[in-house]
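Notes to accompany the following structure.
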Amino acid sequence: MKLRNTIHILWLSGILLLSSCSTKKDAFVNRNWHALNTKYNVLYNGNLAFEEGRDQLNESYRDNYWEVLPVERLEVKDEIKLDSEDNNPNFERAEDKATKAIQKHSMEIGNQERNPQTDEAFLLLGKARYFDQRYVPAIEAFNYVLQKYAESDKLNEATIWREKTNIRLENDELAIKNLKRLLKYEKLKDQEYADARAMLAQAYINLNAPDTAIQQLKIASAYTRKNSEKGRYFFIIGQLYNELGFRDSANLAFNEIIDLGRSTPRVYWVNAHLHKIRNTEVTEENKEELSEYLTWLELNRENRPFLDKIFREIAVYNNTLGKDSLSLAYYNKSLAATDNSPQILALNYEDLAEYHFDENNYKVAGAYFDSVLPNLPENTKKYRAIRKKLDNLEDVITYENTVQYTDSVISLYRMPQIEREAFFQAYIDELKAKAEEEIAREEEKLSAGFAAFETSKGGKENKGKFYFYNITSLGYGKTEFKRRWGNRALEDNWRWSNKASAQTLDTDNIDALAAEDGPEILTEEQKYSLEYYLAKVPTSKEVIDSLSRERNFANYQLGLIYKEKFKENLLAAGKLEEVLKSQPEERLILPSKYNLYKIYEEVGSPLASTMKENIINNHPSSRYAEILLNPRAVLEASEDGPEAQYARLYKLFEKQEFLRVITGAEETINRFTGDPIVPKLEMLKATAIGRLQGFKEFKEALNYVALNYPNQAEGKKAQQIVAEQLPKLEPNGFSSESFEPQGNWKVVFPFKRSNDEEALRLLKRLRQTIEDLRYSNIVSKDIYNLEDEFVVVHGFKSRDFALGFTELLKNNKDYRIRNENFVILSDNYKTIQIHKNLKDYKRLKLTPKP
């Protein structure tokens with residue numbers, strides 16, 4: 001009986017369970033069954049995954065406290081994501097759970113949803129898509145809630161999330177309009193009200209309306225119940241006030257964060273203190289107070305995760321007071337403490353680069369600027385500015401090295417022989433003293449090691465035994481020797497046998513000598529030989545004159561770089577004055593004087609009028625004198641200016657007037673020495689030389705451009721051509737034409753340039769002939785050298801076709817063109833134009849074949 005009742009109960013329960021699973025039946029059991037399953041099973045697990053994913057985002061997100069923070073902590077990537085592309089697994093799981101809740105538990109009966117949890121499933125679906133940065137599908141989910149569930153208690157939340165998504169899609173005006181309507185017509189909970197106001201603030205920040213954003217954030221901070229949000233909102237308020245220039249109001253906002261204490265994240269609390277310090281001008285009255293303030297932040301154990309920011313602020317404070325050593329120490333401490341914070345790294349490296357640049361340590365400054373770039377986002381204004389500064393600094397380093405080298409060598413050359421010998425002997429004595437100190441130090445360390453060994457257990461056990469019979473002592477000695485000296489051969493001067501490379505020299509003059517031929521491995525005898533160093537000093541007057549010219553040009557270039565690119569007028573004036581004092585070439589005198597005049601005028605120096613009179617009186621016919629007498633000549637687009645001259649010369653180049661280009665470029669270069677147009681003129685001149693005179697002269701001209709303008713775009717281009725293209729053009733041999741009947745062939749009609757009119761007549765007749773015959777060939781007139789030119793018909797597919805064309809021209813009564821000509825393979829024509837070796841080609845053609 002009991003078994004029968006049990007079976008009946010189980011059977012009825014199964015029927016009830018099966019009937020309640022139906023989503024098409026609007027019954028009390030069905031509704032509650034699906035609602036409970038949705039809420040406590042599917043959505044519960046979906047919400048857990050969603051919160052876990054959001055926590056991961058918060059942990060991985062790094063705020064940039066040197067820019068206005070976004071209201072919401074979410075890193076937005078620029079690339080567009082597809083629905084199935086690289087999604088966060090937690091948000092994927094949340095989306096799957098939301099989709100499962102909708103597909104398996106939605107009860108849409110009679111166009112009305114009977115499961116009260118379905119709207120929350122759609123809301124979770126939209127939020128998961130939002131944090132996966134799939135904003136269009138997210139908006140679809142939020143709109144579905146708003147349109148389908150008019151009685152839902154999630155409508156306000158769905159509206160706020162939809163407008164958050166609109167803001168991410170840069171629809172800020174639409175978001176503001178919808179949020180204002182929500183605030184006006186709907187009754188919101190406190191947290192919803194705070195969220196809506198915060199999103200309004202973000203939209204106004206995006207629209208560059210900081211004052212309105214501040215008001216919205218103040219309201220949001222008053223209504224939010226989350227102290228983490230309160231601290232963030234106050235911090236953004238402070239940043240916006242700083243942007244508007246209201247430091248006192250900003251500090252009031254930062255004080256609000258400080259008053260929150262431990263109830264808000266520590267990162268806001270620490271940065272609020274640091275921003276307050278930045279907003280305080282350092283004076284004699286408050287510098288001690290600020291120092292104590294910073295020290296208190298540094299020593300507070302709870303601030304250890306933020307020491308990189310604190311150390312940086314201390315470095316900036318000491319830099320403001322001119323305490324360079326302390327400032328540098330704290331910059332380095334900040335770099336050491338920084339963990340995955342590119343903003344701090346970039347700021348610290350930039351400050352260190354600027355410091356070393358001001359101290360004229362250009363190599364060190366360049367290294368620091370080079371370290372800034374990897375910590376900046378590319379394609380930003382800041383990145384491009386640092387990149388340009390680094391490029392300019394590379395020029396400075398090159399020229400400063402040149403000046404240092406030439407100055408040092410010239411100084412040694414000018415020393416009397418006795419002084420020179422005394423100078424080098426002092427250096428050799430210093431080297432010997434250092435070597436002896438190093439030997440003594442190593443022996444002392446070795447003795448200390450043995451003494452320590454004797455007190456050890458192994459040393460006591462073998463005490464009294466001769467060293468070489470004491471196995472433990474012997475092993476220790478061998479190990480220590482190898483560690484210190486490596487593997488050494490048994491020979492005289494064994495200490496130095498593998499240390500023949502020159503040590504770092506302390507004297508700049510000797511550094512310069514060592515740099516003359518690049519790094520050199522010195523033998524022990526050379527290192528301590530007075531004769532070796534004396535022999536390195538140049539004795540030829542021509543060499544010294546060449547070094548003087550090189551130094552003057554480098555100083556001139558440095559003056560221009562400091563003046564134009566770095567706006568360092570004092571440094572620029574010093575370099576240009578040095579040029580004028582060093583008997584420079586004529587081409588450097590006038591531009592140096594003019595640039596000095598511009599510097600003196602800019603800084604308001606009385607020397608400006610003196611320099612102006614000097615230029616007008618000593619160089620009355622120069623362009624610079626004309627500019628000084630008639631300043632409007634610079635403003636007017638003068639046809640005689642450097643750009644106009646270059647344009648005219650380039651047109652002549654296109655017309656193959658290469659000799660006029662060369663002579664005109666030389667004249668223009670002499671006239672506009674020091675102008676930025678000069679490297680372009682030199683490059684145009686070099687190209688014209690190559691077209692007119694051939695490979696060898698072109699190579700020499702390019703080398704001149706590369707050596708004299710190594711840091712200009714034209715110099716770098718010339719260097720690239722010399723290194724990469726000239727080796728390919730250097731072979732001057734000819735391809736065998738008998739084995740290449742197919743290919744690209746040309747028919748060449750040679751003329752003397754004095755007979756140019758006849759060449760032009762033939763050019764016209766050939767073009768007309770090509771048109772009449774409906775050929776696709778091209779006819780051109782090419783300059784060969786100063787005396788010869790060619791009229792060339794290009795584009796024959798075979799030698800026979802080219803020869804047939806010449807026969808047609810010669811015998812056809814309509815043409816009767818019997819001018820001297822020859823057929824040549826295109827590669828060979830290129831060779832004779834590059835190397836100007838037409839005679840070699842003709843000699844090869846006339847040589848009988850064996």
Side-chain angles (χ1 to χ4, degrees), residues 66 307-309 311-316 318-320 322-408 501-508 510-512 514-515 518-519 554-555 557-562 564-568 570-572 574-575 710-713 715-716 719:
W66 281 266
L307 281 176
D308 52 350
K309 298 180 178 66
F311 286 151
R312 169 172 168 75
E313 205 58 44
I314 297 173
V316 172
N318 285 300
N319 189 38
T320 305
K323 298 179 180 180
D324 293 345
S325 57
L326 265 178
S327 177
L328 292 176
Y330 272 100
Y331 274 124
N332 288 322
K333 289 174 77 171
S334 178
L335 288 171
T338 301
D339 180 25
N340 193 26
S341 180
Q343 297 87 8
I344 296 179
L345 288 172
L347 290 167
N348 286 338
Y349 283 132
E350 185 179 2
D351 287 353
L352 286 167
E354 294 290 354
Y355 169 80
H356 286 289
F357 180 84
D358 293 340
E359 294 294 314
N360 299 335
N361 297 327
Y362 304 108
K363 288 185 179 179
V364 179
Y368 278 119
F369 275 125
D370 198 39
S371 298
V372 174
L373 293 177
N375 295 291
L376 291 175
E378 291 188 30
N379 300 322
T380 60
K381 185 177 180 181
K382 183 71 171 177
Y383 184 93
R384 290 191 293 271
I386 295 294
R387 177 74 266 174
K388 185 178 179 180
K389 203 163 191 177
L390 181 59
D391 291 342
N392 294 336
L393 198 57
E394 289 175 356
D395 297 346
V396 171
I397 291 169
T398 301
Y399 288 124
E400 285 289 356
N401 285 341
T402 300
V403 171
Q404 181 183 354
Y405 165 69
T406 53
D407 268 343
S408 301
S501 61
Q503 297 180 8
T504 302
L505 306 183
D506 294 334
T507 309
D508 289 343
I510 301 176
D511 277 336
N555 272 326
Q557 292 294 332
L558 286 169
L560 294 186
I561 293 171
Y562 289 141
E564 302 295 339
K565 297 180 178 180
F566 291 109
K567 310 302 179 186
E568 293 283 352
L570 290 177
L571 284 173
K575 292 296 181 182
N711 298 289
Q712 304 291 334
K716 292 174 181 176
Q719 192 173 6

I want to check something: taking the side chain as every heavy atom from C-beta on, are Trp66 and Ile344 in contact at a cut-off of under 4.5 Å? yes
Tell me every residue that passes side chain to side chain contact (heavy atoms under 4.5 Å, CB included) with Ala554, counting only those two or more places apart in sequence or in another chain. Tyr399, Thr402, Val403
Counterpart residues, side chain to side chain contact (heavy atoms under 4.5 Å, CB included), relative to Leu390 (two or more places apart): Phe369, Asp370, Leu373, Arg387, Glu394
Looking at residues at least two apart in the chain, or sitting in another chain, which of them share a side chain to side chain donor-acceptor pair (under 3.5 Å) with Gln557? none
Taken in chain and number order and not counting sequence neighbours, the residues that satisfy side chain to side chain contact (heavy atoms under 4.5 Å, CB included) with Ser371 are Tyr349
Test side chain to side chain contact (heavy atoms under 4.5 Å, CB included) applied to Asn401 - qualifying residues, sequence neighbours left out: Lys363, Ile397, Gln404
Residues that Lys575 engages under salt bridge (Lys or Arg N to Asp or Glu O under 4.0 Å), provided they are two or more places apart: Glu400
What pairs of residues pass the ring pair (Phe, Tyr, Trp, His ring centres under 6.0 Å) test when at least one of them lies in residues 375-394, not counting sequence neighbours? none
Side chains of Lys381 and Arg384: closer than 4.5 Å at any heavy-atom pair? yes
With sequence neighbours excluded, tell me which residues meet salt bridge (Lys or Arg N to Asp or Glu O under 4.0 Å) with Lys382. Glu350
Contact summary for Ala365 and Ala353, nearest pair of heavy atoms: CB-O, 3.4 Å
Considering residues at least two apart in sequence or located in another chain, which fulfil the salt bridge (Lys or Arg N to Asp or Glu O under 4.0 Å) criterion with Glu568? none
List the residues meeting salt bridge (Lys or Arg N to Asp or Glu O under 4.0 Å) with Glu354, not counting sequence neighbours, and say none if there are none. Lys389
For residues 328-337, which side-chain N or O atoms pair as donor and acceptor with protein atoms under 3.5 Å away, sequence neighbours left out?
residue : atom : partner : partner atom : Å
Tyr330  : OH   : Glu298  : OE1          : 3.4
Tyr331  : OH   : Asp351  : OD2          : 2.8
Asn332  : ND2  : Leu328  : O            : 3.1
Ser334  : OG   : Asp308  : O            : 2.7
Ser334  : OG   : Asn348  : ND2          : 2.8

Taking ring-ring contact (aromatic ring centres under 6.0 Å, His included) as the test, write out the residues that go with Tyr362, two or more places apart. Phe357
